[in-house]
Amino acid sequence: MEIETEFSPSHVGVDPPPSSWEEKSTKALQFIEEMTRNTDSVQERVLAEILSQNAETEYLKRFGLNGATDRDTFKTKIPVVNYEDLKPDIQRIANGDSSPIFSSHPVSEFLTSSGTSAGERKLMPTIHQELDRRTLLYSLLMPVMNQYVSDLDKGKGLYFLFIKAETKTPSGLVARPVLTSYYKSEHFKNRPVDPYNIYTSPNETILCTDSFQSMYSQMLCGLIMRHQVLRVGAVFASGLLRSIRFLQLNWRELAHDISIGTLNPKITDPSIKECMGNILKPKPELAEFIRRECSRENWECIITRIWPNTKYIDVIVTGAMSQYIPTIDYYSGGLPKPCTMYASSECYFGLNLKPICDPSEVSYTIMPNMGYFEFLAHDDSSPVILSRDSPPRLVDLAGLEVGKYYELIITTYSGLCRYRVGDILQVTGFHNAAPQFRFVRRKNVLLSIDADKTDEAELQKAIENASVLLHEFNTSVVEYTSFADSKSIPGHYVIYWELLMKDSAHEPTNEVLNKCCLVMEESLNTVYRQGRVADNSIGPLEIRVVKNGTFEELMDYAISRGASINQYKVPRCVTFSPIMELLDSRVVSVHFGPAAPHWTP
């Protein structure tokens, strides 16, 4: 499919008249309507184009497609696969095989997934044309948002965006996270001037690989331009909270720089020093304001206190990120938290057409032009076992049913065919003929001691239920992780909590924290509770409260080992010994429930 690009002005750096921005927005919304009204025909065309483009590839020839581009032949011939199935071919590309294995277009780079295979990051081969597709989806976000929030062209966005240093495979192709790829591309660096997408952070601050220098300079710019900021954001909610924590630790140095108009000597990157030289001027009154606000013990509403014109917080707070909502609300005073788009390293999928909604109501509309999408009906009680001999029946995008759960299967222009992303989605409705989805979770089991299987969503719900007991103490769980302790007999779940206590004189008691253990166990499934009560195959759940800042240390450790600051998410289950040792060295109290949970046959 030819990728539409008319939504962006053709002359980089030239401001078009206001009417053309209105025209651009109108065209973008018309494009969304056209795509979603004709979902099935667009999907049929996308599949035909992908198969035609890649007809001579080794992968399609391997399964005897013989140039066919119709759905029926594709579904009959091509198997549903996961990363392990493709790994040998991907490794060939990484080792220098330049033959057309998956795509007729040359592989331009590898995108590293946040998921892992045998402890290593997954490598996703991609082609240069995918940047056009991602840029197209980005171009649709603000026209949608403009329908709900006015005057976003009257100021700037304070977004904390980061890259990581890329690595090279033996082939010479770079391997890097998808956002690093995008930020380092000409599509981003030379993006057209757009009054709806002006950032406080210069490119030089975003493109610095030193995370401290990047964060410091981006925060400095945000403080200097505080009255121009209309929205504050990061990729994930956890990233924004890390930025607030950075401000808590470094406001004195930042205020000093603003007061006298000189840059902290810790900032050594030449390009940052040059661009900051044009921004940083002595502003003693602003510096005094920052000192006054940041020295206060109470940081509630700190975002709106420092950036008073902020209209919303632009971060992902769905899925595992939902646990950060209370803390984001605390720092922002409950500003709207739109989740604007749904994407992964493998493919960019779609966007939220009603962004100003409660996080629990977020639904994403998959754009049918982004790839070919199929769905495997999902039921936790009866998992599907895939077999080459009896391929599963997959449902097309236009044939889904409201309320049902599905696993997402994708076919992309880069050459992935019927690939299991691992995301579980629930259909919530339709926009025209396009289904809308609630992101449920990434398909995996988080904790298991015996026959029990606890996933991330279930653990998250148990923690939410237990944390209700903390409300009267003005305390919340700001971070958590877990592990299945099989060294004890019987084994048991261990949950690490980091707490935010807004009133240090009124801390939750040991008795209450012990009750939190019981509430968590009562919230887990019947198989778990049977193991606890009847089979004695599972020991009592344990909560270990850790010092404040422990999970920031955990992130720093992961980044030091090569994790991307943009894509980093706190692991909800840990098994790596150094991480567990770090957590255990920060424990301040240990808690067990006062009784076993309720269970009846």
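Sequence positions, counted from 1, serve as the residue numbers for this chain.
Separation of the Tyr342 and Tyr348 ring centroids does not fall under the 6.0 Å cut-off. For Tyr182 and Tyr138, the ring centers are positioned less than 6.0 Å apart.
Every side-chain hydrogen bond (donor to acceptor under 3.5 Å, both in side chains) that His187 has, sequence neighbours left out, goes to Asp132. When the ring-ring contact (aromatic ring centres under 6.0 Å, His included) test is applied to Phe236, no partner is found at least two apart in sequence or on another chain.
In terms of heavy-atom proximity, Pro177 sits nearest to Thr112 at N-OG1, 3.1 Å.
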Next item on the list: For Glu464 and Gln460, run side chain to side chain donor-acceptor pair (under 3.5 Å): C-alpha distance rounded to whole Å, both residues' side-chain angles, the deciding distance at 0.1 Å, then the answer.
Entry: CA-CA 6 Å; Glu464 289 174 354; Gln460 171 78 25; 3.0 Å; yes
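The aromatic rings of Phe102 and Tyr59 sit tilted relative to each other, their planes meeting at an angle between 30° and 60°. In this structure, Phe375 and Phe437 have parallel ring planes: the angle between them is below the 30° cut-off, well short of the 60° mark.
Inspection of the Ser332 and Tyr312 side chains reveals no N or O donor paired with an N or O acceptor under 3.5 Å.
Annotation: cation-pi pair Arg176/Phe110 absent, no NZ/CZ under 6.0 Å from the ring centroid and within 45° of its normal. A cation-pi contact, defined as under 6.0 Å to the ring centre and within 45° of the axis, links Arg191 to Phe188.
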Mind listing the side-chain donor-acceptor pairs of residues 357-367 below 3.5 Å, one per line with the distance, residues two or more places apart or on another chain?
unit_1 : atom_1 : unit_2 : atom_2 : d
Asp358 : OD2    : Ser360 : N      : 2.9
Asp358 : OD2    : Ser360 : OG     : 2.5
Ser363 : OG     : Thr428 : OG1    : 2.7
Tyr364 : OH     : Thr318 : OG1    : 3.3
Thr365 : OG1    : Gln436 : NE2    : 2.9

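Atom-to-atom distance recorded for Cys347:SG and Ile410:CD1 is 5.0 Å, nearest 0.5 angstrom. Rounding to the nearest 0.5 Å places NE2 of His105 at 11.5 Å from OG1 of Thr57.
Between the side chain of Thr411 and the backbone N or O of Arg418, at least one donor-acceptor pair lies under 3.5 Å.
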